[in-house]
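Notes follow the structure.
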Amino acid sequence: MEKVKLIRDRLRIAQSRQKFYADVRQRDLEFDVEDWVFLKVSPMKGVMRFGKKGKLSPRYVGPCKIVRRIGRMAYELDLPSELGAVHPVFHVSMLRKCIGDPSRITPIEDIHIAEDLSYAEVPIAILDR
């Protein structure tokens, strides 16, 4: 009986140590409605859900706006039209906070790049004179 008690004590000590290590790494994420987030699209290696596969596949898409909160850990997003076939509710671990103003992001389609990888800057508005 002493050996069994010793084994149980050592297992309890090892379990509490592992729990401590796991708790240090855990992040408590919370978002508000109307926040902007990036959506993680490469959760597993070898799974091709959103286009390319391998090193060049995108890690995150977005930014997407949070429409509503579902429970403590799920959020419904306003997804872009190209992700219309994907269910819009995601776990909090699949989201990353977007820092900055997403309205200032320039779409890639608006930038015209020449053959020599140069582009012409066109002024949008005159701010001062």
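Here, residue 1 is the first one in the sequence, and each next residue gets the next number. The shown structure was predicted, so the numbers you read here are calculated from the model rather than taken from an experiment.
When the side chain to side chain donor-acceptor pair (under 3.5 Å) test is applied to Lys19, the partners found at least two apart in sequence or on another chain are Asp23.
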*Take Glu34 and Lys65, measure what side chain to side chain contact (heavy atoms under 4.5 Å, CB included) needs, and give me the verdict at the end.*
CA-CA 6 Å; Glu34 303 290 321; Lys65 194 178 210 178; 2.9 Å; yes

_Worked verdict on Leu39 versus Leu79 for side chain to side chain contact (heavy atoms under 4.5 Å, CB included)_ = CA-CA 9 Å; Leu39 172 64; Leu79 295 176; 4.0 Å; yes

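With hydrogens and angles disregarded, a donor-acceptor distance shorter than 3.5 Å links the side chain of Asp35 to the backbone of Asp32.
Smallest separation of non-hydrogen atoms from Met94 and Phe90: CB-CB, 4.5 Å.
Rounded to the nearest 0.5 Å, atoms SG (Cys64) and CZ (Phe38) are 9.0 Å apart. Atom CG of residue Leu95 and atom CD1 of residue Ile66 lie 6.0 Å apart, to the nearest 0.5 angstrom.
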Distance-only criterion, 3.5 Å: show the donor-acceptor pairs between side-chain atoms of residues 67-76 and protein atoms not counting sequence neighbours.
from: Arg68; atom 1: NE; to: Glu76; atom 2: OE1; distance (Å): 2.5
from: Arg68; atom 1: NH2; to: Glu76; atom 2: OE1; distance (Å): 3.3
from: Arg69; atom 1: NE; to: Gly71; atom 2: O; distance (Å): 3.2
from: Arg69; atom 1: NH2; to: Arg72; atom 2: O; distance (Å): 3.4
from: Tyr75; atom 1: OH; to: Phe31; atom 2: N; distance (Å): 3.0
from: Tyr75; atom 1: OH; to: Phe31; atom 2: O; distance (Å): 3.4

